[in-house]
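Protein chains get the first letters and strands the later ones, always in sequence-line order, with residue 1 at the start of each.
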Number of protein chains: 4
Amino acid sequence: MSTGSRADVGRTPRFARGKARAAALRAAAGQVIAERGYEAATMTEIAARAGASIGSLYQYYPTKKLIAAEVHAEYLDQLDQALVGLSTEAHTPAAMSDALFDTLTGFLARYPAFPTLAARRDIETSRKLASRTRLEESLEQSLASTRPPLPPEAMPGLAVMLLQQMKVVVALEASGREADRQAIEHIRRVLRRYLEHLVG
Amino acid sequence: MSTGSRADVGRTPRFARGKARAAALRAAAGQVIAERGYEAATMTEIAARAGASIGSLYQYYPTKKLIAAEVHAEYLDQLDQALVGLSTEAHTPAAMSDALFDTLTGFLARYPAFPTLAARRDIETSRKLASRTRLEESLEQSLASTRPPLPPEAMPGLAVMLLQQMKVVVALEASGREADRQAIEHIRRVLRRYLEHLVG
Amino acid sequence: MSTGSRADVGRTPRFARGKARAAALRAAAGQVIAERGYEAATMTEIAARAGASIGSLYQYYPTKKLIAAEVHAEYLDQLDQALVGLSTEAHTPAAMSDALFDTLTGFLARYPAFPTLAARRDIETSRKLASRTRLEESLEQSLASTRPPLPPEAMPGLAVMLLQQMKVVVALEASGREADRQAIEHIRRVLRRYLEHLVG
Amino acid sequence: MSTGSRADVGRTPRFARGKARAAALRAAAGQVIAERGYEAATMTEIAARAGASIGSLYQYYPTKKLIAAEVHAEYLDQLDQALVGLSTEAHTPAAMSDALFDTLTGFLARYPAFPTLAARRDIETSRKLASRTRLEESLEQSLASTRPPLPPEAMPGLAVMLLQQMKVVVALEASGREADRQAIEHIRRVLRRYLEHLVG
DNA sequence: TATGAATGAGAGTTCATTCAT
DNA sequence: CATGAATGAACTCTCATTCAT
């Protein structure tokens with residue numbers, strides 16, 4: 001707004017620091033939300049865990065909802081990145097099922113706040129919406145790239161279902177009970193068989 | 001043993017009047033938690049919706065956590081009741097899959113606070129633990145009653161998995177998106193095919 | 001809402017205490033607002049000065065704006081009461097001017113938060129609106145009761161003007177400077193002469 | 001004496017560039033304070049509206065109170081300038097009353113933050129005090145220049161009163177209600193008649 | 001026992017002010 | 001001098017819980 005033409009010279013380091021701090025804040029938010037849930041996660045703790053003051057947090061993210069939305073959008077983008085690789089190589093449906101399973105499972109293990117954020121319907125942003133749309137397209141594209149191909153009309157529902165299954169898996173992984181561990185194996189097999197069957 | 005540990009159950013109501021009021025309070029709690037989520041559900045609103053005063057609510061359930069645990073336990077018991085019927089008649093695995101699907105779906109539609117309560121790991125009670133154990137046994141028993149029978153070693157994991165699938169289904173039902181509706185159909189088919197396959 | 005039929009018996013003392021507390025809170029709010037202005041008046045200080053907790057304050061007045069509106073409405077009602085007496089006795093215009101001057105001056109000295117509250121256009125309530133309307137009618141009625149009578153068409157503007165003059169007077173009284181004291185005398189004379197002149 | 005005490009004036013800008021920026025900042029402060037009131041006016045918005053950074057704002061005016069005081073002082077000086085012209089020509093008391101009325105009304109329309117600033121008793125500066133004194137002297141001089149002359153002993157109080165009346169007028173002008181519009185006319189007549197009467 | 005007024009810790013958020021760049 | 005990120009005290013408001021009646 002009030003930036004003169006000379007401002008750019010010295011700005012790069014400031015800019016970089018700002019980006020780093022914003023990233024640290026998002027990371028902290030992800031941690032705290034994963035541990036405590038959305039409501040119980042306090043802005044104060046998020047700031048503290050990022051080594052920032054509460055005022056600084058609000059400078060970057062002026063609302064609790066907004067930082068949550070940004071964190072969620074970031075996760076969606078990460079997942080999108082992870083998925084684009086899958087559609088480049090040829091996969092059988094069964095192999096694709098396993099690849100998706102591993103990718104999504106790995107992702108959710110890394111970003112444990114994802115299910116919590118995904119469950120909230122009151123946190124929306126245009127940025128988040130865009131990320132979500134992109135992700136859904138990537139997932140469908142992965143599903144569409146198998147040899148032999150899956151029936152196109154099954155795609156949208158399939159994509160949604162797979163995502164949901166992953167959430168279940170991660171929830172079960174957290175518990176560590178023997179029955180839960182077995183359930184995960186069941187799900188893996190269930191999905192592989194189902195994709196195989198769809199092409200038959 | 002039949003009374004349970006009294007410490008975490010609040011005051012046991014001895015008269016019919018008290019029992020009815022306690023039930024009304026639990027019902028109200030279920031409603032409010034379903035509508036607003038656990039954190040946003042206030043004790044004041046729960047009491048008001050039950051036509052009681054907060055003081056009265058606290059007389060029966062001295063803690064928010066406790067009434068939540070009691071509501072959850074009640075739900076687990078209800079579901080247990082619904083399942084015991086399934087094991088009396090002979091079912092093929094596919095039929096059992098459908099029967100479970102319908103039973104669980106119906107249950108969750110009736111008690112929409114169930115997933116919310118089930119997701120919280122900080123709300124535990126000896127009473128709730130007992131109910132959960134009983135329920136898991138009933139589910140396994142249903143699965144064990146099919147003709148031809150499912151392999152016994154698959155049981156525990158299978159039971160857990162089926163429960164999780166139902167939660168997914170209910171979550172999807174709430175959204176109303178077309179892709180979500182299709183995903184539900186996928187899940188139903190996935191499960192039936194899987195149970196059929198297990199006996200082969 | 002959940003009041004049984006028996007509730008009334010023991011309620012009177014509780015009710016009376018509640019009314020007293022609400023009055024104490026309003027009085028405290030008036031004091032603090034008068035001393036510090038609306039923005040700088042904190043809910044915490046209001047509660048403390050009323051000997052109540054912050055939670056208690058919010059139980060009676062769930063918003064800062066709302067308690068301000070109630071205080072203002074109360075003041076308007078008080079002033080209305082003070083004015084109704086004036087129109088019962090016969091007054092010459094000059095005498096009425098003095099009587100109004102004294103009444104309003106006394107009122108404003110007693111409720112120093114009145115100008116502050118009257119100046120805010122963002123604090124409105126149906127209750128307050130009603131009180132204000134009633135007051136304006138009373139003022140006009142007082143002005144209309146003089147012998148000989150003032151010209152009716154002058155009334156509305158006259159009422160407004162007199163009210164404004166009173167605010168000025170009180171502002172000047174607060175300062176204590178000699179010139180301000182003289183200014184007050186000027187205003188008093190100005191008004192008396194003007195009302196006299198209007199009938200001529 | 002001519003420099004004033006430097007302690008409460010911030011850094012004196014020595015170059016034209018600095019003077020212009022300081023003026024822009026004061027203008028912005030005036031705007032924001034007029035629109036939002038003193039408390040709600042934020043230093044950030046003032047800086048932004050002047051096309052400056054907050055850092056820059058604080059370089060010139062190290063305190064919110066201080067910039068408010070400077071703005072107020074500037075206004076007082078402006079008004080002083082407007083008044084000195086009035087005493088040069090001969091006026092009857094009635095004409096002087098009208099001239100003052102128009103001058104003051106025009107001034108207040110141009111600097112709408114003036115009443116807001118004038119109302120605050122917690123913003124004082126030696127510079128502001130000096131400006132105020134000078135202004136009061138100019139007003140008294142104007143009043144003293146009428147033909148026939150007003151009684152000298154009435155002067156100080158008269159000056160204060162007239163200023164107050166103008167504030168009332170401006171407040172009423174802002175509302176736009178019919179009764180308020182009439183009230184303004186009453187005030188204008190009241191004052192003219194009073195000045196006329198004083199010489200009689 | 002039932003009631004609901006009272007409590008106060010704590011949450012989200014704002015903004016004047018500082019200071020490294 | 002200019003900049004704007006950083007700071008943290010302070011504010012409004014919420015809600016689980018207690019206790020006098």
Are [X] and [Y] within salt-bridge range, i.e. N to O under 4.0 Å?
| X | Y | result |
| --- | --- | --- |
| Lys65(A) | Glu70(A) | no |
| Arg120(A) | Glu39(A) | yes |
| Glu124(A) | Arg132(A) | yes |
| Lys128(D) | Asp77(D) | no |

Please determine if a side-chain N or O atom of [X] lies less than 4.0 Å away from the OP1 or OP2 oxygen of [N].
| X | N | answer |
| --- | --- | --- |
| Tyr58(A) | dG8(F) | no |
| Arg21(A) | dA5(F) | no |
| Ser56(D) | dT3(F) | yes |

*asked:* Between Gly55(B) and Thr44(C), which residue's closest nucleotide on DNA chain F lies nearer the 5′ terminus?
replied: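 The residue whose closest nucleotide sits nearer the 5' end is Thr44(C).
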*Could you check Ala40(B) against Gly51(A) and say which one's nearest nucleotide on DNA chain F is further toward the 5' end?*
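Closest to the 5' end, via its nearest nucleotide, is Gly51(A).
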Roughly, in whole Å, what's the span from [atom1] in [X] to [atom2] in [N]?
| X | N | atom1 | atom2 | value |
| --- | --- | --- | --- | --- |
| Glu45(A) | dG10(E) | CD | C1' | 13 Å |
| Lys64(D) | dT14(E) | NZ | C1' | 11 Å |
| Met43(B) | dT18(F) | CE | C1' | 12 Å |
| Glu39(C) | dT14(E) | CD | C1' | 12 Å |
| Ile123(A) | dG12(E) | CD1 | P | 12 Å |
| Tyr61(B) | dA16(F) | OH | C1' | 18 Å |
| Tyr60(C) | dT12(F) | OH | P | 20 Å |
| Ile54(B) | dC15(F) | CD1 | P | 13 Å |

_Both Ala41(A) and Leu57(C) contact DNA chain E. Taking the nearest nucleotide for each, which residue is further toward the 5' end?_
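This one resolves to Leu57(C).
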*Check every strand shown and say whether Thr63(B) touches a base, only sugar-phosphate, or nothing at a heavy-atom separation below 4.0 Å.*
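Sugar-phosphate: the residue Thr63(B), judged by heavy atoms under 4.0 Å, touches backbone atoms but no base.
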*When all nucleic acid strands are considered with a 4.0 Å heavy-atom cut-off, which category describes Ser53(C): base, sugar-phosphate, or nothing?*
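Touches a base.
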*Does dT21(E) have a Watson-Crick or wobble mate here (both distances under 3.5 Å), and if so which one?*
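Result: dA2(F).
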_Taking pairing as Watson-Crick or G-U wobble with both contacts under 3.5 Å, can you name the mate of dT7(F), or confirm there isn't one?_
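Paired with dT7(F), as far as the under-3.5 Å criterion goes, is dA16(E).
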_Stacked cation flag Lys64(C) on Tyr38(C), 6.0 angstrom / 45 deg_ =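 Checked: cation-pi criterion met.
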